[in-house]
Engineer: 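First the structure, then my questions, so here it is.
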Protein chains: 2
Amino acid sequence: MKPTDSELEILQVLWQEGPSTVRQVNERLAQNKDVGYTTTLKLMQIMHEKGLLTRLEEARSHVYAANVSEEETQSTLLERFVDTAFRGSASKLVMHALGNHKATPAELDEIRKLLDQIEKQP
Amino acid sequence: MKPTDSELEILQVLWQEGPSTVRQVNERLAQNKDVGYTTTLKLMQIMHEKGLLTRLEEARSHVYAANVSEEETQSTLLERFVDTAFRGSASKLVMHALGNHKATPAELDEIRKLLDQIEKQP
DNA sequence: TTTTATCTACGAAATATTTCGTATAAAAAA
DNA sequence: TTTTTTATACGAAATATTTCGTAGATAAAA
């Protein structure tokens, strides 16, 4: 299941803040862009229909939570992205990412360890 | 300039095959999915309007070419992707990419060299 | 020459995504 | 109790993207 751009923004909020009401999510989104309450509401309703979100209807304000993990979503999106933008070459993507963005020495170390692990595997 | 998914597919063909006619591009796309000739034509006309493609109108069949490089497009898309899907953490994306996809030992070596270079920089 | 094939241009339908207004209900405040 | 605020639901407008049909021009084949 590939979330749209707007849906991904909402998932990001829920992953970071945990289960939230529409108002909470909307206020978070409104920090970065102009977006009306009912717009966020509608999107979250659609996401709920799609199974992307769960919701508790106990209180008057429903509480929504992500029903897909950040990790698995990242994997799904990454796979598609590697295919469409990098012709399936993950290493090319990695080179680009390391070249353009700054990573801390600690992060670089982590990556190096991961390389070791991968190369050790039979 | 962010190409849409369909536009990116066309750019991929042009990057790989070099300057091509609409028919050539369409036949290439048709190998993977069901797509009509005029659909491809229209898309390429739009891309030309947007400045994504150049075209030679000398012959009856116009010859189109990518007007953006693969590298710069990859960088543009990657930056956005890191932000939206990985909250800006390039190293997280790298870990995911290395973890999920298989890279050849040679590619891993290249990545390692790049890490060396980056760490050596003052 | 007449017919057939192939090309561009372009409007518009089809589909996907995003945005918002309005109706209605319930809670909170006055 | 009456008014105001704050929810949800939902249709539909607005926008973006993709797809295709048709008209008209030109080249190729018959």
Engineer: Would you say A:Val68 and A:Leu53 make side-chain contact, with heavy atoms under 4.5 Å?
Structural biologist: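 No, their side chains stay 4.5 Å or more apart.
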Engineer: Would you tabulate the side-chain donor-acceptor contacts of residues 85-93 of chain A under 3.5 Å, counting partners in other chains and residues two or more places apart, or write 'none'?
Structural biologist:
unit_1, atom_1, unit_2, atom_2, d
A:Arg87, NE, B:Gln12, OE1, 3.4
A:Arg87, NE, B:Glu70, OE2, 3.2
A:Arg87, NH2, B:Glu70, OE1, 2.8
A:Arg87, NH2, B:Glu70, OE2, 3.4
A:Ser89, OG, A:Lys92, N, 3.1
A:Ser91, OG, B:Glu107, OE2, 2.9

Engineer: Considering only residues two or more places apart or on different chains, which pairs with a residue in residues 35-46 of chain A satisfy side chain to side chain donor-acceptor pair (under 3.5 Å)?
Structural biologist: A:Asn26-A:Thr40
Engineer: For B:Lys2, which residues count as a salt bridge (Lys or Arg N to Asp or Glu O under 4.0 Å) partner, sequence neighbours excluded?
Structural biologist: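 Partners of B:Lys2 under the salt bridge (Lys or Arg N to Asp or Glu O under 4.0 Å) test: none.
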Engineer: Rounded to whole Å, how long is the line connecting atom CG of B:Asn26 with atom P of C:dT6?
Structural biologist: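 After rounding, the reported distance stands at 13 Å.
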Engineer: How many Å lie between CE on A:Met44 and P on D:dA9, as a whole number?
Structural biologist: 12 Å
Engineer: Tell me who clusters with A:Leu56, hydrophobic residues only, linked when side chains sit under 4.5 Å apart either directly or through other members.
Structural biologist: A:Val63
Engineer: Tell me, which of residues 8-24 of chain B have any heavy atom that sits under 4.0 Å from an atom in DNA chain D?
Structural biologist: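 Those residues whose heavy atoms fall under 4.0 Å from DNA chain D, taken from residues 8-24 of chain B, amount to none.
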Engineer: Can you run down the salt bridge (Lys or Arg N to Asp or Glu O under 4.0 Å) pairs that involve residues 26-39 of chain B, sequence neighbours left out, and say none if there aren't any?
Structural biologist: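 Only B:Glu9-B:Lys33, B:Glu17-B:Arg28 qualify under salt bridge (Lys or Arg N to Asp or Glu O under 4.0 Å).
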Engineer: State which residues pass salt bridge (Lys or Arg N to Asp or Glu O under 4.0 Å) with A:Glu57; sequence neighbours excluded, sorted by chain then number.
Structural biologist: A:Arg55
Engineer: Assign each of A:His62 and B:Val35 to its nearest nucleotide of DNA chain D by heavy atoms, then name whichever residue's nucleotide is nearer the 5' end.
Structural biologist: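 Counting from the 5' end, the first nearest nucleotide belongs to A:His62.
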Engineer: For B:Glu57 and D:dT26, what is the distance between atoms CD and P respectively, to the nearest whole Å?
Structural biologist: 14 Å
Engineer: For the pair made of CG in B:Leu41 and C1' in D:dC20, what is the distance, rounded to whole Å?
Structural biologist: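 The answer, rounded to whole Å, is 11 Å.
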Engineer: Quick one: side chain to side chain contact (heavy atoms under 4.5 Å, CB included) partners of B:Gln24, sequence neighbours excluded?
Structural biologist: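 Testing B:Gln24 for side chain to side chain contact (heavy atoms under 4.5 Å, CB included), a comparison that skips the adjacent residues, returns B:Ser20, B:Thr21.
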Engineer: Partners of A:Asp116 by salt bridge (Lys or Arg N to Asp or Glu O under 4.0 Å), sequence neighbours excluded?
Structural biologist: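 Per chain and number, A:Asp116 pairs via salt bridge (Lys or Arg N to Asp or Glu O under 4.0 Å) with B:Arg112.
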Engineer: Produce the list of close N/O pairs, under 3.5 Å, pairing protein atoms with atoms of nucleotides 12-18 of chain D; give distances to one decimal.
Structural biologist:
unit_1, atom_1, unit_2, atom_2, d
D:dT18, OP1, B:Ser6, N, 3.3
D:dT18, OP1, B:Ser6, OG, 3.0
D:dT18, OP2, B:Thr4, OG1, 2.6
D:dT18, O5', B:Ser6, OG, 3.4

Engineer: Rounded to whole angstroms, how far apart are CD on B:Gln45 and P on D:dC20?
Structural biologist: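 Between P of D:dC20 and CD of B:Gln45: 15 Å.
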Engineer: Holding to salt bridge (Lys or Arg N to Asp or Glu O under 4.0 Å), I want the full list of residues that pass it with A:Lys113, two or more places apart in sequence or in another chain.
Structural biologist: none
Engineer: Do nucleotides 22-30 of chain C as a string where each nucleotide becomes B, S or -: B if the base has a protein heavy atom under 4.0 Å, S if just the sugar-phosphate does, - if no protein is that close.
Structural biologist: B--BBS---
Engineer: Within this structure, what is the OH-to-C1' distance between A:Tyr37 and D:dA9, rounded to whole angstrom?
Structural biologist: 11 Å
Engineer: What is the distance, rounded to the nearest whole Å, between atom CZ of A:Arg55 and atom P of D:dA7?
Structural biologist: 15 Å
Engineer: Could you give the CE-to-C1' distance, from A:Met47 to D:dA9, as a whole number of Å?
Structural biologist: 18 Å
Engineer: Any chance the side chains of B:Ser69 and B:Glu72 put a donor and an acceptor closer than 3.5 Å?
Structural biologist: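 Yes, a side-chain donor-acceptor pair sits under 3.5 Å.
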